[in-house]
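Quick notes on the structure that follows.
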2 protein chains.
Amino acid sequence: MTDRAQGAKLAEVAALLADPTRATFCVAMLDGRAWTAGELARRAGVAASTATEHLHRLTASGLCVERRQGRHRYVQLADPETAALIESLAGHFPVAEAPAGLRASTASAALARGRTCYDHLAGRLGVAVTDAMTGLGLLDRTAGFALSDKGRDWMETALGVDTAGWSHSRRTAAKECLDWTERRSHLAGLAGAAVCDRFLESGWVRRVGSTRAVRLTDSGATALQELLDMDAGPLR
Amino acid sequence: MTDRAQGAKLAEVAALLADPTRATFCVAMLDGRAWTAGELARRAGVAASTATEHLHRLTASGLCVERRQGRHRYVQLADPETAALIESLAGHFPVAEAPAGLRASTASAALARGRTCYDHLAGRLGVAVTDAMTGLGLLDRTAGFALSDKGRDWMETALGVDTAGWSHSRRTAAKECLDWTERRSHLAGLAGAAVCDRFLESGWVRRVGSTRAVRLTDSGATALQELLDMDAGPLR
DNA sequence: CTGAGGGTTCGGCGGCCGCCGAAGCGTCGC
DNA sequence: GCGACGCTTCGGCGGCCGCCGAACCCTCAG
């Protein structure tokens, strides 16, 4: 009896993501930015009226939040936990897709090379950074997934990040996020967000157009070399 | 373009859980055991033929695996990751349910007190054990979620668990799992499974009937006192 | 004030999908 | 060998839900 209620609840949540159009909206919003209703409609290839209805359901359920501004309606995912949930759900099964055309192929190649996953780095770039940090003892992955003391120092000194408030934050400092292209874990949580933030701010990586894909810059390559002793060649 | 394909993929996965009957199946199987098709059908309140069709979809998608044995068909969740995914999806939104009757109320109270979550402990019991381990420095939660060296010793000596192979396992030693009744994290992963296993084997906790609920025994209460310096009073 | 354009509401259409019962197949117990 | 029983296949029914276009509201620019 109890788990029939629980099942209904689960089905309700899953149904939100079970529609291709709503799912496409969510995937688009995985970049962490706020999108207008029209942008999402065009991206998913549906009429504006259809998009409106879907956005109603998504916001009503608390999956997304919205902000009215002038004649625009901006929508984004509610929080990093929600983004992590969607990413892990989408990544849980192997994709096994043969890219359709050249255009799509280069686009997905760019995404595989490096992208943002809500507020942290993913793709080969994200995995490589995470691996490098593990190799230097900044991350402890032998018995879980945590930032070591050394890692915390590194965030402070090498990256200039203020980690003082992290202990009191509701969000965990370091979290594991599974990648849907690499099928490997990369760094998320406060530390992951801080890394991504600093990389973007310093111009070490740059967004490709208006997509989630990011590209490593020249200064980024040298920075990775200096800070993490990484060979950035394969990531260019 | 790329994320429309990704959206379709996400929708496909979500659709599996978007049906109340299939979702109920999955919630039931969260106890980690193998269920027969008939058991699941009765539990969800549908005809056997309906259950068959649902189980086809679940196994075809790789969410569940099955084992034929005589005239029975046993089915269970594919792996701990799948279980974690379902649990986190189900637990992502507040429940806010008023129990319908006395029967349902005592049943859900038992589940809230203590239960298994696939292969580890959850509910107030699971959270309390996790908190106690954190307090004793066995778990490091200041910068992530990891088993400390001290914690690993404790697993070996206090619990008699062989942790030798853990470093080479594909599965992480300690993982965070969010609880849908407590809205709090508890220990999962290899360590969580080992704790649950030892507790059941030693008779410290016992399953209530054929449900996921577990009950702390007298010897269990003293064991918690000795091993973790816990007051088991509120958990009885 | 007027037109353009983003967003919304509403009605109606179409398809998908979950449900069942009946018939059938295999295994188990006597 | 013969019922009993668990599971499966197949048709057919019904309802839900995602889609659109048309009409409308509101904001912004000139």
Side-chain angles (χ1 to χ4, degrees), chain A residues 3-5 7-29 33-61 63-76 210, chain B residues 3-5 7-29 33-61 63-76 210:
Chain A
D3 53 343
R4 223 188 293 185
K9 183 81 194 166
L10 171 58
E12 197 179 318
V13 176
L16 289 172
L17 301 172
D19 174 75
T21 300
R22 279 194 298 270
T24 301
F25 286 5
C26 291
V27 169
M29 289 187 288
R33 292 178 305 173
W35 292 59
T36 70
E39 284 172 340
L40 289 172
R42 280 187 297 276
R43 179 66 73 114
V46 294
S49 57
T50 305
T52 292
E53 291 169 1
H54 286 308
L55 291 177
H56 269 165
R57 288 191 59 177
L58 289 175
T59 53
S61 68
L63 211 62
C64 298
V65 291
E66 65 179 36
R67 201 180 64 231
R68 306 287 177 135
Q69 194 168 305
R71 56 181 165 183
H72 290 282
R73 176 201 206 177
Y74 289 97
V75 186
Q76 61 184 344
S210 66
Chain B
D3 53 345
R4 223 188 292 184
K9 184 80 193 168
L10 171 57
E12 197 179 318
V13 176
L16 290 171
L17 301 171
D19 175 74
T21 300
R22 280 195 298 271
T24 301
F25 286 6
C26 291
V27 169
M29 288 186 290
R33 292 177 306 175
W35 292 59
T36 70
E39 284 171 339
L40 289 172
R42 280 187 297 276
R43 180 63 74 112
V46 294
S49 56
T50 305
T52 292
E53 293 170 1
H54 285 308
L55 291 177
H56 269 164
R57 289 192 57 177
L58 289 175
T59 53
S61 68
L63 211 62
C64 298
V65 292
E66 64 177 39
R67 202 177 63 232
R68 306 286 177 135
Q69 194 168 304
R71 57 180 165 183
H72 291 282
R73 174 203 208 176
Y74 290 96
V75 53
Q76 61 184 347
S210 67

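First the proteins, then the strands, lettered A, B, ... as listed; each starts at 1.
Between the CD atom in Glu66(B) and the NE2 atom in His56(B) there is a gap of 7.0 Å [rounded to 0.5 Å]. With rounding to the nearest 0.5 angstrom, the CH2 atom of Trp35(A) is 4.0 Å from the CZ atom of Arg43(A). To the nearest 0.5 Å, atom CZ of residue Arg22(A) and atom CD of residue Glu53(A) are 10.0 Å apart.
dC7(D) atom P lies 9 Å from atom CZ of Arg68(B), rounded to whole Å. In this structure, His54(B) places its NE2 atom 15 Å from P of dC7(D), rounding to the nearest Å. Computed from coordinates, the His72(B) NE2 to dT8(D) P distance equals 12 Å when rounded to whole Å.
Of the residues listed (Thr21(A), Leu40(A), Leu17(A)), the one engaging Cys26(A) in a side-chain contact (heavy atoms from CB on, under 4.5 Å) is Leu17(A), and it is the only one.
When every heavy atom of Phe25(B) is checked against every heavy atom of Ala41(B), the shortest pair comes out as CE1-N, 4.2 Å. Across all their heavy atoms, Met29(B) and Val75(B) have their closest contact at SD-O, 3.7 Å.
With the nearest nucleotide of DNA chain D identified for both Gly70(A) and Glu53(A), Glu53(A) has the one nearer the 5' end. When each of Gly45(A) and Gln69(A) is assigned the nucleotide of DNA chain D with its nearest heavy atom, Gly45(A) is the one assigned upstream, toward the 5' end.
Within 3.5 Å, a donor on the side chain of Arg71(B) pairs with an acceptor on the base of dC5(D), or the reverse.
Nucleic acid contact class of Arg57(B) (heavy atoms, under 4.0 Å, all strands): sugar-phosphate only. As judged by a 4.0 angstrom heavy-atom cut-off over every strand, Ala37(B) is placed among residues touching the sugar-phosphate backbone only.
Listed pair Arg73(A) / dC26(D) fails the phosphate criterion, with no side-chain N or O lying under 4.0 Å from OP1 or OP2.
Nucleotides of DNA chain C with any atom under 4.0 Å from a heavy atom of chain B span, from 5' to 3', dG18(C) to dC28(C).
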